[in-house]
Amino acid sequence: MANQSINPNLRAKRKAHPRKAEDYVAGIVQGNRVVLSKAITLVESTLPKHQALAQDIIEQCLPYAGKARRIGITGSPGVGKSTFIEALGQQLTSLGQQIAILAIDPSSQVSKGSILGDKTRMIELAANERAFVRPSPAGTTLGGVARKTRETIILCEAAGFDTIIIETVGVGQSEIAVHSMVDCFLLLLLPGAGDELQGIKRGIVEMADILCINKADGNRVALAKRARQEYRNALHLFPPKTSGWTPKVLSCSALEKQGIDDLWETVVAYFEQTTTSAYLAQKRAEQSKFWLQETIDAALRDWFMQQPQVAAQLADIEQAVLARKISSFKGADLLLQLALEPK
Ligand code: GDP
């Protein structure tokens with residue numbers, strides 16, 4: 001065989017350093033984690049050369065994507081998200097699943113610090129060969145980070161993961177972004193505190209398919225039971241979901257690994273119901289449409305802001321609006337005219 005003349009070390013090296021999109025895709029589809037990580041790094045890169053290659057890889061991975069369960073997990077800092085994901089991850093991998101954990105951390109864009117604090121988290125899962133933990137990509141805007149995460153989902157699905165967990169902190173807009181890229185949205189709550197106290201907005205409670213009161217252990221068991229009942233009552237006040245699914249309220253102890261199996265059974269029931277009713281397919285189609293619109297909006301805005309005529313006049317027009325010499329609408333109109341003027 002001709003190939004035998006190639007030094008095997010060299011061949012291994014070449015495999016680990018793919019150059020062309022086809023090489024990346026072949027590695028990803030075979031489930032090669034090193035190649036997958038490198039492809040995700042390309043997705044996260046801001047270099048135009050990397051971005052072009054990343055787009056090529058994503059397009060070619062698309063036919064292999066779409067088969068995983070996409071689960072979003074949110075909750076305030078300290079509610080126990082990473083402890084919970086460790087526990088759930090262990091349960092799923094012990095069932096033979098391959099799982100990927102991605103994060104959207106809105107804090108890292110602004111402060112360089114991170115609420116999720118990825119590096120020290122999920123140590124056990126990070127060492128589990130059936131699990132793939134990828135920290136939140138850095139980015140200047142939530143939209144940018146969300147897009148990278150959505151692209152990363154495609155790559156992970158092509159790599160054959162059964163379940164993809166996307167984690168975020170429930171304190172900003174990031175949970176809306178996560179909601180628009182997952183099939184099932186899970187909200188973790190603390191026992192004995194109302195939404196207000198937990199910094200959880202009503203809108204997030206409304207978006208959740210499953211609510212789970214974590215830390216239902218020790219002397220918090222009774223509190224957790226009460227919180228469960230309160231949330232159940234509160235959910236009755238919301239209009240029924242278009243999915244036909246009635247949100248469930250459960251409790252668990254991520255630390256003691258109690259209630260995780262019930263939670264997973266509920267997730268499976270959610271997928272069964274929404275798959276049978278074809279709601280899931282419809283939801284994914286709507287999400288694709290939403291991301292198409294979002295991407296167009298972002299690209300148009302970037303283009304607009306990069307126009308030299310706009311950059312030259314933006315500050316003056318802003319001042320004119322603030323001084324009430326012109327309306328906001330007139331100001332926007334003027335800038336649009338400038339952007340569209342033939343150069
Ligand atoms: P995150 O910020 O939401 O990711 O929360 P962490 O998973 O880092 O947990 C915050 C703290 O709560 C840690 O000290 C955990 O040990 C603790 N914790 C998490 N889950 C539980 C639980 O089920 N019961 C108890 N008692 N403590 C927990």
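Start at 1 and go down the list; that is how both ligands and their atoms are numbered.
- Taking a cutoff of 4.0 Å between a charged side-chain nitrogen and a carboxylate oxygen, D183 and R69 do not qualify as a salt bridge.
- At under 3.5 Å, a nitrogen or oxygen of A254, whether backbone or side chain, sits near a nitrogen or oxygen of ligand 1.
- The shortest side-chain heavy-atom distance between I71 and F271 falls under the 4.5 Å cut-off.
- Using a 4.0 Å cut-off between charged side-chain N and carboxylate O, R134 and E44 make a salt bridge.
- Alongside I296, the hydrophobic cluster contains L292, L300 (criterion: ILVMFWY side chains under 4.5 Å).
- Side-chain contact between L211 and F185: absent, with no pair of heavy atoms (C-beta onward) separated by less than 4.5 Å.
- Annotation: salt bridge (Lys or Arg N to Asp or Glu O under 4.0 Å) contacts involving residues 245-257, sequence neighbours excluded, are absent.
- If you number the atoms of ligand 1 from 1 as listed, the ones under 4.0 Å from a heavy atom of S82 come out as 4 (O), 6 (P), 7 (O), 8 (O).
- In the vicinity of P77, heavy-atom distances shorter than 4.0 Å reach the ligand 1 atoms 2 (O).
- Contact between A216 and ligand 1 is absent, with no heavy atom of the residue lying under 4.0 Å from the ligand.
- The atoms of ligand 1 that sit less than 4.0 Å from any heavy atom of S76 are 3 (O).
- When E256, K215, E86 are ranked by how near their heavy atoms come to atom 12 (O) of ligand 1, first place goes to K215.
- Between atom 22 (C) of ligand 1 and the options V79, L255, I260, L188, the minimum heavy-atom separation is to L255.
- Closest approach of S180 to W291, counting heavy atoms only: O-NE1, 3.0 Å.
- In terms of N/O distances under 3.5 Å, ligand 1 is approached by T83.
- Short contacts between ligand 1 and N214, defined as distances under 4.0 Å to a heavy atom of the residue, involve ligand atoms 20 (N), 21 (C), 23 (O).
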